[in-house]
S.K.: 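First the structure, which I've put down as structure tokens, then a few questions once you've had a look.
Computed from heavy atoms alone, side chains included, the values below leave out hydrogens, waters and symmetry copies. This structure is a prediction, so every number in the text was calculated from the model and none was measured.
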Amino acid sequence: MTYHVINADARAIGLPDAFFHCVATSPPYFGLREYGDDEREIGDEPTPDEYIAEMVRVGREVCRVLRDDGTWWLNLGEIGRA
């Protein structure tokens with residue numbers, strides 16, 4: 001069995017449709033940290049609604065690359081709590 005670990009921005013890399021059995025992700029939480037100077041950084045959006053819109057974009061890409069029998073594990077903490 002072959003395993004692939006890809007550490008990348010799902011919105012920016014091109015992967016084949018219906019390729020993966022499983023996707024596990026823990027995206028940055030809204031407004032909690034800054035990981036760098038990339039203006040496309042998730043979690044640095046001006047509003048929670050814009051953060052959710054970015055997460056929806058990620059979700060659409062995850063669904064595209066998952067097989068029909070695939071699973072998505074999303075670790076997402078509480079939004080807006082310090």
S.K.: Just verifying a value: how many Å separate Ile42 CD1 and Phe30 CZ, rounded to the nearest 0.5 Å?
M.R.: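 Answer for the CD1-CZ pair, Ile42 versus Phe30, is 13.0 Å.
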S.K.: How about Arg64: does its CZ atom have over 12 heavy atoms from other parts shown lying under 6.0 Å from it?
M.R.: yes
S.K.: Rounded at 0.5 Å granularity, tell me how far CD in Glu54 sits from CG in Asp49.
M.R.: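 Output value for this atom pair is 12.5 Å.
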S.K.: Working to the nearest 0.5 angstrom, can you tell me the gap between Leu66 CG and Phe19 CZ?
M.R.: 12.0 Å
S.K.: Between Asp44 and Tyr51, does a side chain to side chain contact (heavy atoms under 4.5 Å, CB included) hold up when you go through it step by step?
M.R.: CA-CA 8 Å; Asp44 196 28; Tyr51 173 74; over 6 Å; no
S.K.: Ile6, Trp73: one ILVMFWY side-chain cluster at the under-4.5 Å cut-off?
M.R.: no
S.K.: Please report the interatomic distance CG(Leu76) to OG1(Thr25), rounded to the nearest 0.5 Å.
M.R.: 9.5 Å
S.K.: Taking side chain as C-beta onward, heavy atoms only, is Asn75 less than 4.5 Å from Tyr29?
M.R.: yes
S.K.: How long is the straight-line distance from SG of Cys22 back to CG of Asp69, given to the nearest 0.5 Å?
M.R.: 11.0 Å
S.K.: Roughly how far apart are Leu74 CG and Met55 CE, rounded to 0.5 Å?
M.R.: 5.0 Å
